[in-house]
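In what follows, a structure is listed as structure tokens, so that the remarks can point back to it.
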2 protein chains.
Amino acid sequence: MTGSQLTPRARYREQTRAEIKEIALRQLAEGGTAAVALTRIAKEVGLSGPALYRYFDSRDALLTDLIRDAYADLAAAVGEAAGALPPGTAPRARLQALAAACRDWAAAQPHRYLLIEGTPVPGYSAPPDTLESARAVLGPFLPAFAQGAPTAAVRPVVEQMTAWAAGDEAVARWARAHVPAGAEGTALAGGVLAWTHLHGAIGLEAAGQFTGMGHDGGTLLTAQFDVLADTFGLD
Amino acid sequence: MTGSQLTPRARYREQTRAEIKEIALRQLAEGGTAAVALTRIAKEVGLSGPALYRYFDSRDALLTDLIRDAYADLAAAVGEAAGALPPGTAPRARLQALAAACRDWAAAQPHRYLLIEGTPVPGYSAPPDTLESARAVLGPFLPAFAQGAPTAAVRPVVEQMTAWAAGDEAVARWARAHVPAGAEGTALAGGVLAWTHLHGAIGLEAAGQFTGMGHDGGTLLTAQFDVLADTFGLD
DNA sequence: CGCGACAGTTATAGACTGTAACTAAATCAA
DNA sequence: TTGATTTAGTTACAGTCTATAACTGTCGCG
């Protein structure tokens, strides 16, 4: 576990940080981002107001940490789902499994999902490791598209993605970590489409916009990824 | 215009309300929802703090009003786009035109779009006229799907939607206002899928998650709706 | 013309973020 | 072991914000 072989002080510090985050998550679940208040957290921890600033620079820093955690957690869930697949799993089944993993994660803790996809302030900070986490989430989807033969409808996207990979070395490297050379454009296009589908279906569901409608998010997401698999000609 | 034949007092009142909302929108655009502060609005209008409560019951009421406006505005944009289509427009072209109208609207004022799709608090209020507005936005999409022959991938969704329409009279009426009887399930399925696609593509773009990627949202959305049209076998 | 509704005011309470200045305790080096 | 230093924690305070209360003019209708 984390925290072993640390100086006792550091260990205690980490423990307190964890406790703070735990309470913050509860407040988040109860009342959304706006309900996360340092003063109330402090009271609950048994500390007095300003003491929390020893553990987090600001309220924003705390929220950023929660976002980071959530992203990493989601990425882990997807990675785990990918790892659990038998070696020869067909691309379509792979997509469905990964998509379901995303949805399950989000459905189990909507507030954390909303935190991830949540509206940044117009002057967006965009922490750079978020980008990395997004890639970690999306990466396992890429191999499923490697052998794809996209229909005409999505070909413009494939072209733009090919150009993107050609121009951005980091992206190209990332893509090539998941698919053989030459398939970058297709894989990235699949990835972006998968991302958009996930965001659309899961986001609406997490925000509760589907309540009262006669369907569950699972059916919708499955259908979307089935269509996506069809579009890329996957088995 | 609104405000004619009102008592002068009511007219003045409406004017002040409009001015307040205008400033609120500017604050929203500059710093997100969190930046909308009644006190600062009051200062800018030339009023003193509590006076604003004569015009809006609370900060939340103001934001709700902004949401309502934005929704209505978007619905109007879509409706206008639908009205501008030549009578015999093919379903696919209709979908593309309406989707583009949505995207254009959102791209021109991302903060307002984010306000609409924005994270509600976990104890969601869900103002009932929002539902109506959502239907107004989505309604014009429905006729395009009326003659669709969906592929196997989305058939589960069609079935759930058919069942929904069968169980919910209001929904059935709404659907039948746009498509002939018997096509409700298909149309509703198309509508939900369109909604999800719009939310996915536009939402990510409005939140700035596509910045730095080598594609523009338009290409992506067009591709998605082309695929959707393919899926429903539309011309 | 007079009275009631309404716009607006100041004062105030309460929640929250964040800083400053200070105290006590734990850690570490010599 | 001791003494300096870092670190956890404190209280006090400034500032912003929402919201209510109590009060004062003023508009406009009957």
Side-chain angles (χ1 to χ4, degrees), chain A residues 3-28 30-67 115 120-123 125, chain B residues 3-28 30-67 115 120-123 125:
Chain A
S4 292
Q5 100 171 32
L6 258 62
T7 148
R9 217 170 201 172
R11 182 152 63 237
Y12 178 71
R13 181 182 176 77
E14 281 315 307
Q15 185 184 320
T16 307
R17 276 178 68 99
E19 193 180 349
I20 291 170
K21 287 207 240 177
E22 192 188 315
I23 297 172
L25 275 180
R26 201 166 63 237
Q27 292 185 346
L28 180 72
E30 279 164 11
T33 319
V36 177
L38 294 191
T39 59
R40 260 177 314 128
I41 294 177
K43 204 160 294 178
E44 204 165 331
V45 176
L47 289 177
S48 212
L52 282 212
Y53 287 84
R54 295 273 172 209
Y55 296 92
F56 293 93
D57 283 352
S58 67
R59 193 188 105 106
D60 251 37
L62 171 58
L63 286 177
T64 301
D65 234 60
L66 293 184
I67 293 176
L115 190 64
V121 287
S125 47
Chain B
S4 293
Q5 98 172 34
L6 257 61
T7 149
R9 221 168 199 174
R11 182 149 66 238
Y12 178 71
R13 181 182 177 78
E14 281 314 306
Q15 185 184 320
T16 306
R17 276 178 69 98
E19 192 179 350
I20 291 171
K21 289 207 239 176
E22 191 188 315
I23 297 173
L25 276 179
R26 202 166 61 238
Q27 293 185 345
L28 181 71
E30 280 164 10
T33 319
V36 178
L38 294 190
T39 61
R40 260 177 313 127
I41 294 178
K43 204 160 292 178
E44 203 166 331
V45 176
L47 289 176
S48 213
L52 282 212
Y53 288 83
R54 296 273 171 207
Y55 297 93
F56 293 93
D57 283 351
S58 66
R59 192 188 105 107
D60 251 37
L62 171 57
L63 286 177
T64 301
D65 234 61
L66 294 184
I67 292 176
L115 191 62
V121 286
S125 45

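Order of the sequence lines fixes the chain letters, A, B, ..., with proteins taken first and strands second; residue numbering starts at 1 for each chain.
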A:R11 CZ to D:dA8 P, straight-line distance once rounded to whole Å
15 Å

Taking protein heavy atoms under 4.0 Å as touching, what does nucleotides 13-18 of chain D look like 5' to 3' if B marks base contact, S marks sugar-phosphate-only contact and - marks none?
----SB

Strictly distance-based, threshold 3.5 Å: is any side-chain N or O of A:R54 a donor or acceptor partner for the main-chain N or O of A:R13?
no

Evaluate the side-chain proximity of B:R17 to B:D65: yes if any heavy-atom separation is below 4.5 Å, no if none is.
yes

Taking all non-hydrogen atoms of both residues, which atom of A:R40 and which atom of A:Q27 are closest, and how far apart?
CB-NE2, 3.7 Å

To the nearest angstrom, the CG-C1' distance between A:L47 and D:dT11 comes to 14 Å

Please report the interatomic distance CZ(A:R11) to CD(A:Q15), rounded to the nearest 0.5 Å.
9.0 Å

Minimum-distance pair of heavy atoms, taken over all atoms of A:A42 and A:G49
CB-N, 3.6 Å

Rounded off to whole Å, could you give me the CD1-to-P distance for the A:I41 and C:dA15 pair?
16 Å

Over how many whole Å does the gap from A:D57 atom CG to C:dT17 atom P extend?
15 Å

Measure from CZ on A:R13 to C1' on C:dA25 and round the result to the nearest Å.
16 Å

To the nearest Å, give me how far apart CD (B:E14) and P (C:dC6) are.
14 Å

Heavy-atom protein contacts under 4.0 Å, nucleotides 22-30 of chain D, coded B base, S sugar-phosphate only, - none
----BBSS-

Before you tell me yes or no, could you show the steps for B:K21 and B:L25 under side-chain contact (heavy atoms from CB on, under 4.5 Å), namely the whole-Å CA-CA distance, both residues' side-chain angles and the distance that decides it to 0.1 Å?
CA-CA 6 Å; B:K21 289 207 239 176; B:L25 276 179; 5.6 Å; no

In whole Å, I'd like the distance from the CZ atom of B:R17 to the C1' atom of C:dA7.
15 Å

Positive for side-chain contact (heavy atoms from CB on, under 4.5 Å) with B:L47, one of B:L38, B:I20, B:L52
B:L52

Mind checking the CG-CZ spacing from A:L66 to A:F56? Nearest 0.5 Å is all I need.
7.0 Å

d(CG, A:D60; C1', C:dC16) in whole Å:
14 Å

Please report the shortest heavy-atom distance between A:V36 and A:A24, naming the atom on each side.
CG2-O, 3.8 Å

Does B:Y55 reach a base, just sugar-phosphate, or nothing at all? Heavy atoms under 4.0 Å.
sugar-phosphate

